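What follows is a single structure, written as structure tokens, with notes after it.
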Amino acid sequence: MPKPIKYAEKGLSYLANGAWYVFDTLNHVRPSPGFTPAWSEKPLLKSWQKVKPPLGWPRETDSLCPQCVREARKEILDGKKDISVLLNEKVGEIKATVIERDGKILMVKDCPIHGHFEDVMAIDTAFFKHLEDVFPGSDIAAHNDETLHNHGSSTIKYGRGSVLTVDLTNRCNMMCDPCFMDANQVGFVHELSWEDIKTLLDNAITIKPRRQMSVQFSGGEPTLSPHFLDAVRYAKEVGYNSVQAATNGVEFAKSPEFAKAAAEAGLRYVYLQFDGVGNAANSHRLVGNLFDVKLQAIEHLWSAGVDIVPVTTILNGINNEQVGRIVRFAIDNPRKINFLSFQPVSFTGRDEEISDERRHAQRYTLSHLAHDVKQQTGLGEPVRDWFPISFMSTFTDWADLVHGPQAQWGQLTCGCHPNCGVGMAVMIDKETKEAVPVTAFLKGERLARDVARVNDAARGKFLSVVGMTLALLRNYDPFQAPTHFKIVDLLKKFDKTFGATGRNYGRVDGRRTQADIEQRRSDRWNFLFVAGMWFQDLFNYDFRRTERCIIPYATQMGEISFCAYNTGVGWRQIIEKMHMTATLSKWYEEHGRHQIYAGGKKVELESTAHSLVLDQEAVSAGRQTDLDQLGIAKTAREEKLRARARGKQEHQQQQEKERERMMHLYRQHVLKEQLGEKEDHVIPLDTLRKSKTPQTVA
């Protein structure tokens, strides 16, 4: 039986619906032209001014030939071609077509030299269409950026991005497969100096629009860099209020003191590698107690005041059955986990030369993710509750509007292509663990249209806040919301996220204290965001995506799209080799070898005690064996070993045939034997001279 307050809230929603039409009509009488904020040299965009790439299907786009790219990259790395060809020529580029076939969305392309390529983009056409239909368009065009955005066809053209990634080192203390950067395997060390780090962070704030990006230190394993803590500290000093680290968690698990030092330096988020619940689910990473490591890292980081984002690389047949278990892990621990990031595998780095058989077997898309979450947890309807992450840009546009022209930083915004990333928001009661998708009780699409109307009118702060309030109220269904959730909780959540009214929910800027952290964590409601970020590889590459990238890499040659850097024409391999710190042997000679956990080796932990809630059935489950049953290799290493074994077997078979041939010659021409009917055919003696092993006859 619904609580009486639910009926009162339903009545309020009806009243707000009527008031909205009056407000919207009056609000659009002589709308404001908008303003140019301090963080941009161009005015805020109206909704109809946002540009979109070609969408729908069939459609044509610009892509890459996997083989041509690898050949061209090798020529550059070998010094046969200059890197300038990447700026002035369309290296490896071919046309691709996005089509529907057998209920799936595919990318198909043909290279005149290397033939036909195709791969799956989605297994649900309705889901794919929904994502593209609700895409609001691209962010403000990047400007004042010529020195950092100049990478030929790979150049970022729109917006300022959401997360600036800085690889501190290519060294790592694990030996993972998959690994999109092929850490510990390239034969040299590329590690940023302190001056490099400062330069990259200083350069980042010169581009317009200057949005409040997150800065994520990555690698390799960023905690191996001697400058890690100083880099975190400096990023906070220059103005970034969301300083992150993408890490396997080993160093944080080993030392609570290190976690505390990172928090004190200004680390706000850790993107923690987290491939499943239980050590068996993480066994493909080849560390004996990796799940125990994750639990200790979460405990130490949370206690220090750092928020944790589990990041899962999903491979079909390897750990896709872990999707529901990971979502359940977050729901069971709502005070410590408020964001999940699933990343369908990108076949690059160690996996770039993957076989077609393994690629098709392991391919996992964003549509797979939405369906796996529903099937494994019962949460969410793919078309109702999942949206492209760029969908949120309408709401950050509103926040930019209410913060006014004097704001020095724009809001963090996601303007990426709708095929890049998706998300589902789930409201969780921290006390009862009840979980409900937000768009089950809030009409997401209509709300976004309403907010876009408020943005287009471009009134002052007061009327914009009134418009948002009415839009929220009229799109809210209290009977579908969690049992104890109230409309006031919804309004507070939006205000807390966007800081519109100025109410203090706990600071998030450089002056944040432990008291601020505790204040923000005291909220009863956890707004869990389940995200999927699908990075490209050479088989599904689309330049319409790279030019809208929101996760640029800061490098010694400017800021480059995430996908163009890690795959594409191969900027990572080229830049890291051009700017390498030392060869591996020279590095080991001067610095010694750093510890690597691989081959089932366990990480030394002081304790395995933790306070996290675990599903023991999930913890004790064995590893996924789908590919074993199909006889398909699981990793690049296994694939190479099998190919080597096949090659050895083929060589042995060829040798055996050669021996038989030579013996036949010997018996026929030297011993003058009368061979049997099956063997009775003459082999010319001249073939002895052509034999590669004539000594066999002798």
Side-chain angles (χ1 to χ4, degrees), residues 161-176 178-186 189-194 196-201 203-204 213-236 240 242-252 258 262 265-275 285 294 297 301 306-313 339 341 343 345-346 348-350 421 531 533 535-536 549-567 571-573 575-576 579 581 594:
S162 298
V163 180
L164 179 72
T165 307
V166 181
D167 275 357
L168 296 180
T169 179
N170 71 342
R171 294 185 296 130
C172 189
N173 51 8
M174 286 175 58
M175 201 69 175
C176 291
C179 174
F180 63 75
M181 68 167 298
D182 205 10
N184 295 331
Q185 291 288 293
V186 293
V189 170
H190 175 267
E191 191 154 293
L192 297 181
S193 68
W194 176 236
D196 288 333
I197 295 168
K198 289 177 64 178
T199 298
L200 297 184
L201 292 174
N203 287 345
M213 292 190 304
S214 301
V215 173
Q216 184 173 106
F217 294 109
S218 184
E221 173 53 45
T223 58
L224 295 187
S225 167
H227 306 301
F228 173 70
L229 294 178
D230 289 332
V232 170
R233 193 173 293 110
Y234 188 74
K236 185 180 75 169
Y240 298 109
S242 182
V243 184
Q244 309 172 359
T247 174
N248 56 36
V250 170
E251 298 305 315
F252 294 115
F258 182 64
L267 188 65
R268 185 175 172 191
Y269 290 102
V270 154
Y271 274 58
L272 180 68
Q273 178 198 61
F274 194 95
D275 282 351
R285 297 291 185 180
K294 306 306 177 185
L301 288 162
V306 180
D307 290 332
I308 299 98
V309 180
V311 179
T312 307
T313 302
F339 199 111
S341 179
Q343 297 180 356
V345 66
S346 170
T348 186
R350 297 211 219 289
M533 199 71 194
F535 301 117
Q536 301 180 90
C549 182
I550 61 169
I551 314 178
Y553 267 89
T555 78
Q556 288 105 326
M557 293 188 65
E559 295 185 4
I560 306 174
S561 154
F562 188 101
C563 293
Y565 190 62
N566 287 310
T567 184
W571 285 95
R572 175 188 287 281
Q573 295 96 320
I575 291 175
E576 287 190 348
H579 296 273
T581 308
H594 64 271

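Here the structure is a predicted model, which means the values were calculated and not measured.
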What is the distance from atom [atom1] of [X] to atom [atom2] of [Y], rounded to the nearest 0.5 Å?
X: Leu168; Y: Leu200; atom1: CG; atom2: CG; value: 9.5 Å
X: Glu559; Y: Tyr553; atom1: CD; atom2: OH; value: 13.0 Å
X: Gln573; Y: His190; atom1: CD; atom2: NE2; value: 12.0 Å
X: Phe562; Y: Thr567; atom1: CZ; atom2: OG1; value: 10.5 Å
X: Met533; Y: Ile550; atom1: CE; atom2: CD1; value: 4.5 Å
X: Met557; Y: Tyr565; atom1: CE; atom2: OH; value: 10.5 Å

For the student: nearest non-hydrogen atoms of [X] and [Y], plus distance:
X: Thr313; Y: Asp275; answer: N-OD1, 3.2 Å
X: Ala246; Y: Gln216; answer: CB-OE1, 3.4 Å
X: Phe535; Y: Ser346; answer: O-CB, 3.6 Å
X: Asn248; Y: Cys172; answer: ND2-SG, 4.0 Å
X: Asn566; Y: Thr348; answer: O-OG1, 2.7 Å
X: Ala245; Y: Leu267; answer: N-CD1, 3.7 Å

Discussion item. Show, in sequence, the C-alpha distance, side-chain angles and deciding distance for Phe217 and Val243, and conclude whether the side-chain contact (heavy atoms from CB on, under 4.5 Å) test is met.
Written reply: CA-CA 8 Å; Phe217 294 109; Val243 184; 3.8 Å; yes
Are [X] and [Y] packed together at the side-chain level, in the sense that at least one heavy-atom pair is separated by less than 4.5 angstrom?
X: Phe252; Y: Val270; result: yes
X: Asp167; Y: Arg572; result: yes
X: Tyr234; Y: Leu201; result: yes

Quick one: side chains of residues 222-230, donor-acceptor pairs under 3.5 Å with protein atoms, not counting sequence neighbours, listed by atom name and distance.
{"residue": "Thr223", "atom": "OG1", "partner": "Glu221", "partner atom": "OE2", "Å": "2.7"}
{"residue": "Ser225", "atom": "OG", "partner": "His227", "partner atom": "N", "Å": "3.1"}
{"residue": "Asp230", "atom": "OD1", "partner": "Arg233", "partner atom": "NH1", "Å": "2.8"}

Worksheet item: Would you say the side-chain atoms of Asp196 and Ser193 include a donor-acceptor pair closer than 3.5 Å?
Response: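 Short answer, yes.
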Item to complete: Test side-chain contact (heavy atoms from CB on, under 4.5 Å) on Val306 and Ile308 and set out the steps.
Response: CA-CA 7 Å; Val306 180; Ile308 299 98; 5.5 Å; no
